[in-house]
Amino acid sequence: MMQIAETYTQKNSLLNAMNRFIGAVNNMDQTVMVPSLLRDVPLEHEKEPEVSAPGSYLQDAEADMFSYYMQLKAIRNDIEWGVLGRAEELRRKEKESLVQEATRANGNDATEEVDLEQLFRFHLKGLHGVLSKLTRQANDLTNRYKQEIGIAGWGQ
């Protein structure tokens, strides 16, 4: 298969970020042959403890490798197949809150139009950052699983 060289702007596109994430999760899924081995295996934390951010996906009490494995697979499925069911209600509430926040920040009435381009860029930048972090998590989980079962260094 012929590969096309990516330019810097293509490398940072949302589609490429999604493809990198999906590829990392697919690799993780193919590597992890027995997901139940991940249960109760704590995540390897960095040397400096991070402060838990509000709204983090997993609470510290339930943050084990199996939880991350399942979370990453669920996010991949949502990207590939779309979010079903709860999305419609969440979208309506989110739209209302975004309009209220934007009008409060600008000091304008609620009847004025929100700068959609600015809002889009804000969410696009956030989504790209989240996908990059999730891709690193999938790769880290795959490598950690290989270390746990003693096949580190295979297939590299």
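Scope of the values below: all heavy atoms of this structure, side chains included, with no hydrogens, waters or symmetry mates. In this text the structure is predicted, and so the values were computed from the model without any measurement. Numbers here simply count residues along the sequence, with the first being 1.
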(request) Could I get the full list of side chain to side chain contact (heavy atoms under 4.5 Å, CB included) partners for Leu119, not counting sequence neighbours? (result) Leu98, Val114, His123
Answer whether the closest heavy-atom distance between the side chains of [X] and [Y] falls below 4.5 Å.
X	Y	result
Gln118	Phe122	no
Leu116	Phe120	no
Leu134	Gln137	yes

Quick one: [atom1] on [X] to [atom2] on [Y], what's the gap to the nearest 0.5 Å?
X	Y	atom1	atom2	answer
Thr135	Asp140	OG1	CG	10.5 Å
Ile75	Met18	CD1	CE	13.5 Å
Leu141	Arg144	CG	CZ	8.5 Å
Asn143	Glu148	CG	CD	12.0 Å
Leu38	Ile149	CG	CD1	9.5 Å

Just distance, no hydrogens or angles: give the donor-acceptor pairs under 3.5 Å from side chains in residues 21-37, sequence neighbours left out.
from, atom 1, to, atom 2, distance (Å)
Asn26, OD1, Arg76, NH1, 2.7
Asn26, ND2, Ile22, O, 3.3
Asp29, OD1, Tyr69, OH, 2.7
Asp29, OD1, Lys73, NZ, 3.4
Thr31, OG1, Asn27, O, 2.8

(request) Tell me yes or no: between the side chains of Asp64 and Ser67, is some donor less than 3.5 Å from an acceptor? (result) yes
